[in-house]
Amino acid sequence: MSSYQTLPGFRDFYPEDLAVRRFIFDRWREVAGRYGFQEYDGPPLEPLELYTDKSGPEIVKQLYAFTDKGNREVALRPEMTPTLARMVGAHAGGMRKPIRWFSLPQLFRYERQQRGRLREHFQLNLDIIGEAGVAADAELLAAAIDVLRAFDLTDQDFVARVSDRGLLGALFLHEGVPESRLEVVFNIVDKLERESREELERRLREEAELEPAVVGRVLDVFEERDWESIRSRYAGTEAVAPRIEALEGLFSRMDAMGMARFVRFDLSVVRGLAYYTGIVWELFDARGELRAIAGGGRYDTLLERLSGTDLPALGFGMGDVVLRELLIDRALIPEVEEVPDYYLVAVTPDQQPTLLSVAQRLRADGNRVEYALRDQSVGKQFKNAAAVGARRTLVLGPDEVAAGEAVVREMSSGEESRLSLDGLALA
RNA sequence: GUGGGCGUAGCUCAGUCGGUUAGAGCGCCAGGUUGUGGCCCUGGAGGUCGCCGGUUCAAUUCCGGUCGCUCACCCCA
């Protein structure tokens with residue numbers, strides 16, 4: 001056992017692991033491309049202020065941060081959105097809107113690892129910038145759903161829980177929450193599933209400093225929170241109606257795209273990050289065994305705050321760790337075929353020059369070719385060929401070479417035939 | 001940062017009520033097989049029993065600490 005191990009929460013990718021990673025990346029890129037997104041990237045190391053300044057206090061606590069040799073406070077990027085905001089902000093004037101960009105950054109976070117959550121992961125990020133209408137929200141959510149469908153996951157496997165901070169905010173204001181307390185109240189009701197009603201009431205009273213009557217009304221909002229109830233209760237309320245209309249627009253678009261069955265309205269989805277402003281959603285596995293597979297939403301004010309460029313924006317992130325667990329759990333990761341097309345066998349060392357020449361010609365033609373790197377018995381070479389899963393062996397012995405031929409053996413059937421070495425490049 | 005569980009071969013795990021050279025299966029290497037693979041047989045390599053300390057004549061075993069893994073909390077990409 002080596003005395004060197006990976007740092008806690010970091011992963012080695014052995015070939016079979018990297019094959020899975022590539023499988024995931026390939027599909028991510030494929031779906032992003034189908035939706036017209038262009039790939040970009042930024043530096044993995046950023047100035048600390050990029051995260052401490054504006055992202056909300058939650059994210060700054062667990063950064064991989066240090067001082068570099070130039071005495072700069074830096075951090076390994078924990079998320080991509082600030083980098084994206086900077087990049088777009090710097091060139092926004094010259095870019096046609098809406099901007100559709102995606103990225104596959106490796107992100108870092110200094111915290112104790114647990115299931116589905118390491119100190120490092122790769123995350124698909126899709127963002128649309130410069131479009132305020134709900135059509136963009138529908139497009140983004142559809143892309144996220146199609147990403148999972150590209151892995152052969154179905155509505156039996158996952159569901160999108162959709163909410164709207166705008167709606168929730170309007171409801172809270174309607175029920176008497178002061179505007180200055182909204183953010184605090186969001187953070188408290190985000191725990192709706194995990195904390196007792198008594199605890200929530202206490203926090204709403206003490207941390208959000210709400211009147212007792214308002215506390216009750218805030219929690220009552222969640223009593224009947226299915227879409228029909230919310231709509232019938234508040235559609236006539238002036239301050240709330242526009243948000244209801246927006247969500248209605250999202251749902252009807254999802255329906256028109258044939259994705260209604262993946263979408264569930266759920267008012268309790270708030271998202272922890274402070275910068276979300278509108279429709280927010282999370283993708284969960286249908287069995288509820290894993291943490292969220294993906295999450296995203298609107299952050300219409302972030303670009304203005306980070307880059308000074310006032311553009312509406314929305315995006316989502318999907319990590320590779322939870323997705324990988326889900327795919328393994330559902331047996332949806334295919335065996336990757338990285339086997340040689342040819343394994344070349346030299347009967348005696350005399351055939352080595354011919355073998356090398358043949359190998360190079362086959363390789364030049366795009367074939368995957370291997371052969372033993374030391375002199376071995378024919379039996380041994382065949383063992384190797386079988387062990388690496390070669391489709392065919394090509395046997396070069398004194399007789400064959402003298403005749404300018406080779407014996408080709410199909411490893412699955414054992415069928416053999418002779419082949420002219422001259423014609424090899426055509427094989 | 002807090003709490004629970006677990007650390008024996010590359011992997012999955014036995015085992016040791018404290019006692020001499022710590023085992024199995026799989027995998028790996030070699031041979032049986034110097035012109036043909038998968039099966040089979042034989043042999044081999046590979047372990048400071050996570051690390052440090054304590055108790056003891058003796059610790060892989062008991063105790064403490066520590067590190068790591070893991071699950072949950074906190075928090076959330």
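FYI, side chains are in, hydrogens and waters are out, and symmetry mates aren't considered; it's all heavy atoms of this structure. Sequence lines set the chain letters: A, B, ... in the order given, protein chains first and strands last, and positions in each chain run from 1. Bear in mind the structure is a predicted one, so any value in this text is a computation, not a measurement.
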- Message: Pairing check on B:rG1: which nucleotide meets the Watson-Crick or G-U wobble criteria with it, both distances under 3.5 Å?
- Response: B:rC73

- Query: Does a nitrogen or oxygen in the side chain of A:Lys383 sit under 4.0 Å from OP1 or OP2 of B:rU36?
  - Reply: no

- Message: What's the gap between B:rG18 and B:rA59 when it is taken at their P atoms, as a whole Å value?
- Response: 13 Å

- Task: Using the C1' atom as the reference point in each nucleotide, state the distance between B:rG65 and B:rU55 in Å, no decimals.
- Result: 15 Å

- Donor-acceptor pair present, A:Arg409 side chain and B:rG37 base, under 3.5 Å: yes

- Under 4.0 Å between a side-chain N/O of A:Gln381 and OP1 or OP2 of B:rG37, yes or no? no

- Message: Taking donor-acceptor contacts at under 3.5 Å, does the side chain of A:Glu400 reach the base of B:rG35?
- Response: yes

- Item | Base paired to B:rG31 (Watson-Crick or G-U; both N/O distances under 3.5 angstrom) | B:rC41

- Query: Does any nucleotide pair with B:rU12 by Watson-Crick or G-U wobble geometry, both distances under 3.5 Å, and what is it?
  - Reply: B:rA24

- Is the charged tip of A:Arg119 near the ring of A:Tyr110: under 6.0 Å from the six-membered ring centre and within 45° of its axis? yes

- base_contact_polar (B:rU36 base, A:Glu416 side chain, donor-acceptor, <3.5 Å): yes

- Message: When you measure from the centre of the six-membered ring of A:Phe186, is the NZ or CZ of A:Arg165 closer than 6.0 Å and no more than 45° off the axis?
- Response: yes

- Query: So which nucleotide does B:rU61 pair with, by the Watson-Crick or G-U wobble rule with both distances under 3.5 Å?
  - Reply: none

- Query: What's the closest nucleotide to the A:Arg115 side chain, out of B:rC75, B:rA72, B:rU36?
  - Reply: B:rA72

- Message: Can you measure A:Arg117 atom CZ to B:rC73 atom P for me and round it to whole angstrom units?
- Response: 11 Å

- Query: Where the side chain of A:Pro8 is concerned, which of B:rG35, B:rG37, B:rC69 is the nearest nucleotide?
  - Reply: B:rC69

- Query: Rounded to whole angstroms, how far apart are CZ on A:Phe382 and P on B:rU34?
  - Reply: 14 Å

- From the candidates B:rC69, B:rA30, B:rG35, the one with an atom nearest any side-chain atom of A:Val407 is B:rG35

- Output, in order, the C-alpha distance, side-chain angles, deciding distance and verdict of side chain to side chain contact (heavy atoms under 4.5 Å, CB included) for A:Asp320 and A:Arg11. CA-CA 12 Å; A:Asp320 72 314; A:Arg11 296 172 287 176; 3.0 Å; yes

- Provide the Watson-Crick or G-U wobble partner of B:rG7, both distances under 3.5 Å; none if there is no partner. B:rC67

- Message: Counting the atoms with a prime plus P, OP1 and OP2 as sugar-phosphate, which does A:Val395 contact under 4.0 Å by heavy atoms, base, sugar-phosphate, or nothing?
- Response: base

- Item | With A:Leu394, the side-chain contact (heavy atoms from CB on, under 4.5 Å) member among A:Leu362, A:Val345, A:Leu355 | A:Leu362

- Taking only N and O in the side chain of A:Lys380, is any of them less than 4.0 Å away from OP1 or OP2 of B:rA30? yes

- Message: Does A:Arg112 contact B:rU70 through a side-chain donor or acceptor facing the base, at a distance under 3.5 Å?
- Response: no

- Query: Which nucleotide in the set B:rC76, B:rG35, B:rC74 lies at the smallest distance from any side-chain heavy atom of A:Arg109?
  - Reply: B:rC76

- Taking the C1' atom of each, how far is B:rG23 from B:rU61, in whole Å? 16 Å

- Of all the choices, B:rU36, B:rU70, B:rG37, which nucleotide is nearest to the side chain of A:Val378 once you look at every atom? B:rU36

- Quick note, A:Ser377 side chain, CB onward, closest among B:rU34, B:rC76, B:rG35 is B:rU34

